[in-house]
Each structure stands twice: as C-alpha cells, then as structure tokens.
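Here's the structure, in structure tokens; my notes come after.
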Amino acid sequence: MSVFEENMLQAVQNEIYLCLERLGWERAQFSVERPRKNTFGHVSSNVALTLAKQLKRRPLDIANDIAAELEGKIKGLEKIEIVAPGFINFTFSPEYFQAYIPRIRKEKEDFQKSNSGKGKKVQVEFVSANPTGPLTIGHGRQAVLGDTISRILEWHDFDVTREYYFNDAGRQIRMLGLSVLARYNELMGMELDIPEGGYEGEYIIDIAADFRKKHGDLKTENDLELFINFASNAIFITIRDTLKRLGIEHDVYFNEKDLYKQGKIKEVLAVLGEKAYTYEEDGATWFKATEFGADKDRVLVKNTGEPTYRLPDIAYHREKIRRGFDLIIDIFGADHHATYPDVKSALEAMGFDTSSIRVLLHQFVTLTRNGEMVKMSTRKANFVTLDELMDLVGTDVVRYFYIMRNMDSHLNFDLALAQKQTDENPVFYLQYAHARICNILLHSSEKGIKDYEDADLTLLKEPELIALMDVMLEFKDIMDLCKKSLEPMHLANYLYRLATAFHKFYSVHRVVSENIELSKARLQLIDAVKIILANGLKILGVSAPERM
RNA sequence: GCGCACGUAGCUCAGCUGGAUAGAGCGUCGGAUUCCGGUUCCGAAGGCCGAGGGUUCGAAUCCUUCCGUGCGUACCA
C-alpha cells in the first residue's frame with residue numbers, strides 16, 4: 001500500500017496550481033477547503049467561480065476544463081464532480097484513508113506533529129494577576145488560554161517561555177500591605193481600620209494571622225515593607241499552587257520590582273527624554289502619545305513622583321524585546337485593550353521594532369449561578385476563586401470549558417450546569433469516547449484477538465468508517481489553524497467532532513465480532529482514533545481516561 | 001461623545017481567508033439496545049443570522065448608518 005505524503009488539501013491545491021499553469025490561466029485567488037456537507041466530497045474548490053470573470057466564460061465550463069486536466073493527477077482520488085454554480089468536488093478513495101492507519105499507529109504521539117516553529121523562541125505572557133488575592137474565575141480563562149496556546153506552539157516545535165509579570169511594586173501592592181497591617185492590628189486588640197480601597201477578603205485575615213505566628217507581636221507602624229513582602233509572598237505561593245493544580249507552570253516570574261532595582265525605569269525615562277518624547281507639566285512627566293495617534297498625551301510619572309502603571313509596562317516590554325524572542329505574545333483581558341497602544345508607541349519612540357509582539361485580548365467570564373449573575377471583585381469578598389471552581393467541577397472540565405469558546409466572546413460559565421457532571425457536559429462525551437475505545441481493546445484481547453497487526457485494512461470501507469477517517473486526517477489542518485489563529489477553541493471543537501464520528505461508527509458497526517479479519521481491521525482503526533484523541537486531549541491539558 | 005469588541009434556534013455557542021439547502025449541544029417531543037459500557041445513536045419541531053443601505057455572479061461573513069450589550073476612554077492596575 002502506498003503512503004500519501006501530502007494531505008488532501010495540499011494535494012488538491014498543488015495540482016490545481018499546476019493545472020492552471022498548463023492551461024495558461026493566471027493564478028487567481030481561490031479556496032480549497034473541506035466542504036461543510038459530506039455530499040460535496042472530501043475537498044472542494046471554488047477555483048472555476050473565481051476565474052469566471054477574467055476568462056469571461058461560464059464557471060461550469062471552466063470547471064469541466066479543469067476537471068479534465070486534473071484527470072489522473074491526484075493520488076488517491078476516487079472521483080471529481082462538478083456542481084452548480086461551478087464548484088469542483090473531490091472524493092478520495094477508501095485506500096487513501098486506509099493508508100494512514102498504519103502511520104498513525106506507528107508514529108503515535110508524533111503523528112502529523114509539525115516542526116514549522118523551527119525552534120524559534122516565543123514568549124507567552126499570561127495571567128500576570130496582581131498578587132493581591134487568590135486567582136478568580138476571571139483569571140482562569142487567561143491562565144488556561146495562555147497555557148493551551150503555549151502547548152499548541154510547542155507542538156509546532158516552538159521554544160516557548162511561559163512568563164508571569166509579577167506586579168510587586170506600586171499602589172495596589174501597598175494597599176495589600178496596609179490591609180494585612182490593619183488585620184494584624186485587629187488581632188493585637190486594636191480597632192479594625194481597613195484603609196479606603198483596601199482588601200476585605202477573608203484571606204487577608206489568614207495572612208495576618210500567619211504573619212503574627214512568624215513575627216510575633218511587633219510595634220508595626222514603621223514596618224509596612226515587612227507586611228508588604230510577607231503578604232505578596234504568601235499570595236504568590238497560593239497563586240502558583242492554584243496554577244500548578246491546573247497543570248500550569250510558568251518558566252519565569254518577572255518581578256516589577258526588579259525593573260526599579262536595576263534602573264530600567266530610569267533608563268526608559270532617560271531614553272524617551274533624550275528623544276524629546278516627554279515633557280513636564282503640572283508637576284508630572286508626560287509622554288507625547290498624540291504624536292503616535294493617541295487622543296491625548298499620557299502621564300508616565302505622577303506629580304507625587306510615583307510612576308503610573310504605564311511606565312513599568314513600557315520598561316518591561318523593552319526588556320522583552322531586548323531578551324531576543326522571535327515572537328512575543330501578550331494575553332490580556334479586554335479591560336487592557338487601551339493600554340497596549342501606549343506601550344507600543346513608547347517602544348517605537350525608543351527605536352524598537354514592535355512587529356514581533358502579538359497581543360491577544362480575551363473577553364470576560366460572566367459567572368452565573370442558578371440563572372443569576374455573580375459579580376466578582378477581589379477587594380470585596382464576594383468572588384468565587386479558581387480553586388473553588390476546580391473543587392466543584394474538576395480540572396478537566398475547567399480547562400475544556402475555558403477554551404471551548406472564541407476568546408472574542410464573553411464566556412458564560414454557568415456554575416450550576418458545570419456542577420452537574422452529566423451528559424450535558426462535552427468533556428465527558430469526549431473522554432467517554434476514549435474510555436470506550438480502551439474498553440473495546442480490552443474486550444478484544446479477552447476474546448482472544450491479541451494480535452491484529454496483520455489486518456487487511458481494505459476491509460475498512462463503510463461510509464461511517466470513511467467519515468471517521470476523514471475527520472482523523474483533519475487533525476493537522478486543525479493544528480495549523482490553531483497556530484495561525486492562536487485560538488485553541490478550534491481544537492476543542494475538532495475533538496468533539498472526532499468523538500461524534502467515532503460514536504456514530506460504533507452505534508452501527510461492531511468492532512469485535514465473529515469475523516476475525518474484519519475485527520482486526522477495525523481494531524486497528526479504533527486504536528488509531530484513540531491515538532489522535534489522546535494527542536489532542538494532551539494538548540488541551542485534559543486527561544484521557546481509560547475508564548470512567 | 002470617542003475607541004475596541006460582541007449581537008446567529010427557547011438557552012449556550014460553531015460557521016476558518018465571502019460560496020452550495022445557515023450547523024451543533026442542551027432543553028422539548030418521538031424512536032433505537034439478545035450485542036464491544038445507553039455517559040451512546042436516530043428522527044422531529046424550532047431561524048427575515050439585531051435593523052436599514054451598499055459592494056458582487058454570490059454576504060451570517062466585507063463596507064456604511066442606526067439600535068442594543070460589554071469593556072475602555074484615570075496623575076487606578
């Protein structure tokens with residue numbers, strides 16, 4: 001049996017290009033895609049439609065010419081059909097699909113793995129939540145998105161650095177220190193006095209108690225720095241543990257504080273000043289953002305002498321570029337969309353090329369419980385933490401749910417639904433397909449079919465099997481799409497479709513039957529399905545259970 | 001006001017760079033199992049793709065106006 005090196009889309013596209021060349025027609029823009037309906041074949045192209053205008057001929061006639069010219073050129077092709085208004089549909093033969101089964105089973109986790117990243121260095125910055133409280137459900141979306149995107153890039157052979165920008169300087173962190181101090185004083189018998197804008201969550205009390213355990217009773221008025229360090233460190237540890245529980249570990253925690261210690265903040269001010277992109281007004285230092293198209297200039301250093309968040313952001317991104325990544329991906333919540341243009345402008349003002357930076361914005365998570373919106377705020381204590389969510393529904397569900405929607409859309413996370421853990425949940429449907437395959441493989445060996453390596457794969461030819469194998473081969477296209485769009489949703493949807501194709505096949509055909517030869521062939525098939533399911537789930541960070 | 005998004009079935013959402021009769025899950029109603037796990041499968045009902053205009057062979061998709069929702073528009077992060 002021959003092995004087909006290219007996938008269907010590439011093979012068809014290349015042959016159409018060659019065909020147009022032979023016919024002396026210009027290269028037009030045309031699509032080669034998988035049609036929505038399987039009655040349109042496995043691959044479909046609109047090339048005749050797009051050529052109609054420049055050739056001044058009927059699309060159907062053009063399609064006929066192209067089809068005739070393609071005759072016998074595409075390996076593994078069963079038939080070409082021309083359909084009004086001028087689509088050319090390609091149907092591949094069962095042999096084409098069958099040829100992939102041994103490859104999948106041989107290459108296993110490396111099947112169709114891409115090396116298109118060529119080891120290029122990519123930095124993915126995500127979460128970067130202020131260390132002022134536990135991670136919430138809102139942070140969870142970004143955490144899972146960032147990690148899954150990282151996994152997708154790693155699959156494509158990029159060298160990925162997962163990074164967390166740790167805001168351990170500035171006003172918010174001082175508020176945290178003051179809040180813990182207030183609780184500490186309360187423990188010491190003083191009246192509780194949480195500062196305006198301070199943090200009121202229960203965890204502040206716990207930190208204060210731990211502080212007292214470690215440091216005992218202090219006269220604390222002048223030890224704010226001690227409280228800040230203790231508190232931010234305590235919260236850092238809980239954040240890291242929460243992420244670890246989700247299967248996420250950052251390679252680098254970049255401390256904002258270091259930007260100050262190493263003089264990077266001053267450097268940025270100096271460089272921008274030298275190039276006359278800053279000026280002083282009302283006691284503050286301003287950046288001339290209007291010269292880069294902004295509606296107004298921005299403050300970099302307040303009249304109190306304290307930098308705004310923009311300045312360290314600029315300094316941090318300057319460091320990112322200087323560290324020599326080929327690609328820098330920033331994942332931010334939608335509330336940050338206004339800040340990046342300023343950072344970009346400042347970097348360009350300093351003479352940096354910002355084309356390697358790609359900013360991904362994701363919309364918010366709306367949490368509902370019994371149909372009612374649950375509002376989230378770290379300062380007030382009425383939030384649901386990411387840990388609580390994992391307690392409720394498990395990490396597999398959390399990871400899948402967060403990426404199953406387009407990041408441009410609001411994610412509606414219905415807690416009541418998520419807690420159900422029933423068949424309404426796509427994760428179980430998917431995992432069940434994997435578990436079911438494992439069970440069938442187990443069953444077959446109990447039935448005495450231990451070795452099915454010598455199967456006759458030409459027996460795999462029923463429509464449900466062809467449809468299943470068609471979906472299996474789509475894996476590479478989906479991974480390419482994920483890389484291009486940096487949108488893991490496509491993989492989640494794909495795996496769901498793969499599971500569906502398998503369940504449909506299962507419901508009409510027995511795998512293990514009295515017909516030993518047929519059983520062997522189908523065992524090879526489902527073993528291959530299992531491999532692709534497991535590969536995809538691994539990229540999503542979701543487990544592939546052998547039984548449930 | 002201005003900027004960035006979003007608006008598709010009762011609900012939650014797909015629909016990739018414009019393509020063929022707009023799809024799925026849940027919910028509703030009705031079916032399928034002597035059998036490898038029914039946590040499965042099949043069928044039905046349910047849509048002026050927010051509204052109007054434009055571009056073209058062809059629009060849910062691109063442009064434009066309007067309406068609605070979210071997030072920004074800080075010397076908060």
Side-chain angles (χ1 to χ4, degrees), chain A residues 29 31 33-37 39-40 44 46 49-50 52-53 58-59 83-87 89 128-130 132 167 170-173 175 197 256 281-286 294-296 298-310 312-313 333-339 341 361 363-364 366 368 371 404-406 408-414 417 421-426 428-429 431-433 435-444 446-447 477-478 480-481 484-485 487 489-490 492-493 496-497 499-500 502-513 519 522-523 526 547-548:
Chain A
Q29 284 289 325
S31 69
E33 57 193 14
R34 291 170 177 276
R36 250 172 249 168
K37 303 209 169 191
T39 53
F40 297 144
S44 175
N46 66 351
L49 288 162
T50 60
K53 198 170 191 179
R58 292 177 54 222
V83 185
F87 290 101
N89 297 336
S128 298
N130 280 344
T132 53
N167 291 94
R171 207 179 78 90
Q172 299 298 330
I173 201 78
M175 267 308 160
E256 181 184 4
E281 192 175 295
D282 300 333
T285 305
W286 295 72
D295 55 341
K296 52 183 112 165
R298 313 290 187 189
V299 172
L300 293 180
V301 183
K302 303 180 214 172
N303 60 16
T304 59
E306 192 179 31
T308 63
Y309 65 89
R310 266 187 209 93
D313 273 5
D335 55 336
H336 279 63
H337 80 254
T339 79
L361 292 173
Q363 296 299 315
F364 285 167
T366 358
T368 56
M404 73 181 186
R405 303 298 182 216
N406 192 319
D408 281 337
S409 305
H410 284 90
L411 179 69
N412 192 327
F413 210 118
D414 189 328
L417 183 78
Q421 303 200 21
T422 63
D423 58 337
E424 289 170 53
N425 201 321
F428 293 125
Y429 181 86
Q431 292 182 318
Y432 181 57
R436 179 174 252 179
I437 292 171
C438 292
N439 194 60
I440 298 170
L441 294 174
L442 197 68
H443 175 82
S444 74
E446 282 165 2
K447 279 269 187 177
D477 299 328
I478 293 296
D480 285 344
L481 178 61
K484 198 174 138 198
S485 62
E487 179 56 86
M489 170 201 69
H490 297 299
N493 290 352
Y496 192 87
R497 276 192 290 124
T500 301
F502 166 72
H503 285 310
K504 283 188 182 181
F505 150 71
Y506 171 90
S507 68
V508 233
H509 301 291
R510 279 193 66 82
V511 176
V512 181
S513 67
S519 301
R522 289 181 177 171
L523 284 166
I526 66 163
R547 76 178 69 84
M548 296 171 70

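Residue numbers start from 1 in every chain, and the chains themselves are labelled A, B, ... in the order their sequence lines are given, proteins ahead of strands. The structure displayed is predicted, hence computed values, not measured ones.
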Identify whether any heavy atom of [X] sits under 4.0 Å from a base atom; if not, whether one sits that close to sugar-phosphate; answer base, sugar-phosphate or nothing.
X	answer
A/N89	base
A/K53	sugar-phosphate
A/S128	nothing
A/A52	nothing
A/R497	nothing

Measure from [atom1] on [X] to [atom2] on [N] and round the result to the nearest Å.
X	N	atom1	atom2	answer
A/N425	B/rU40	CG	P	11 Å
A/R405	B/rG25	CZ	P	13 Å
A/E33	B/rG15	CD	C1'	11 Å
A/D477	B/rC16	CG	P	15 Å
A/H336	B/rC4	NE2	C1'	15 Å
A/F505	B/rC42	CZ	P	14 Å

Looking at [options], which one has an atom nearest to any side-chain atom of [X]?
X	options	result
A/V511	B/rC36, B/rA20, B/rG19	B/rC36
A/R436	B/rA5, B/rU39, B/rG38	B/rG38
A/H337	B/rG19, B/rC42, B/rC4	B/rC4
A/N406	B/rG25, B/rA14, B/rC76	B/rA14
A/D335	B/rC75, B/rC36, B/rC71	B/rC71
A/Y506	B/rA77, B/rG3, B/rG38	B/rG38
A/H443	B/rA24, B/rC36, B/rU39	B/rC36
A/N412	B/rG19, B/rC76, B/rC13	B/rC13
A/R36	B/rG70, B/rA74, B/rA22	B/rA22
A/V83	B/rU21, B/rA77, B/rA20	B/rA20

Q.
Do A/N412 and A/T366 pair up side chain to side chain, a donor and an acceptor below 3.5 Å, judged on atom types alone?
A. no
Donor + acceptor pair across side chains of A/H410, A/R405 (<3.5 Å)
no
Worksheet item: A/F502 ring centre to A/R436 NZ or CZ under 6.0 Å, with the angle to the axis within 45°?
Response: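 No, A/R436 and A/F502 do not form such a contact.
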- prompt: Does A/R497 CZ have over 12 foreign heavy atoms under 6.0 Å away?
  reply: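 Atom CZ in A/R497 is packed in, count exceeds 12.
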State whether the number of non-hydrogen atoms from other residues, nucleotides or ligands found under 6.0 Å of A/E446 atom CD is greater than 12. yes
- [ ] Would you check, one step at a time, whether the test side-chain hydrogen bond (donor to acceptor under 3.5 Å, both in side chains) holds for A/E256 with A/N167?
- [x] CA-CA 5 Å; A/E256 181 184 4; A/N167 291 94; 3.3 Å; yes
Aromatic stack A/F40/B/rA20: centroid gap under 5.5 Å, interplanar angle under 30° | yes
Would A/F87 count as stacking on B/rA20 if stacking means ring centres less than 5.5 angstrom apart and planes tilted under 30 degrees?
yes
(Q) Which nucleotide, if any, forms a Watson-Crick or G-U wobble pair with B/rC49, using both distances under 3.5 Å? (A)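 For B/rC49, the partner nucleotide comes out as none, under the 3.5 Å rule.
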The Watson-Crick or G-U wobble partner of B/rU33, with both key distances under 3.5 Å, is none
Please confirm whether the shortest side-chain N or O distance from [X] to OP1 or OP2 of [N] is below 4.0 Å.
X	N	answer
A/K302	B/rC76	yes
A/K37	B/rG23	yes
A/Y429	B/rC41	yes

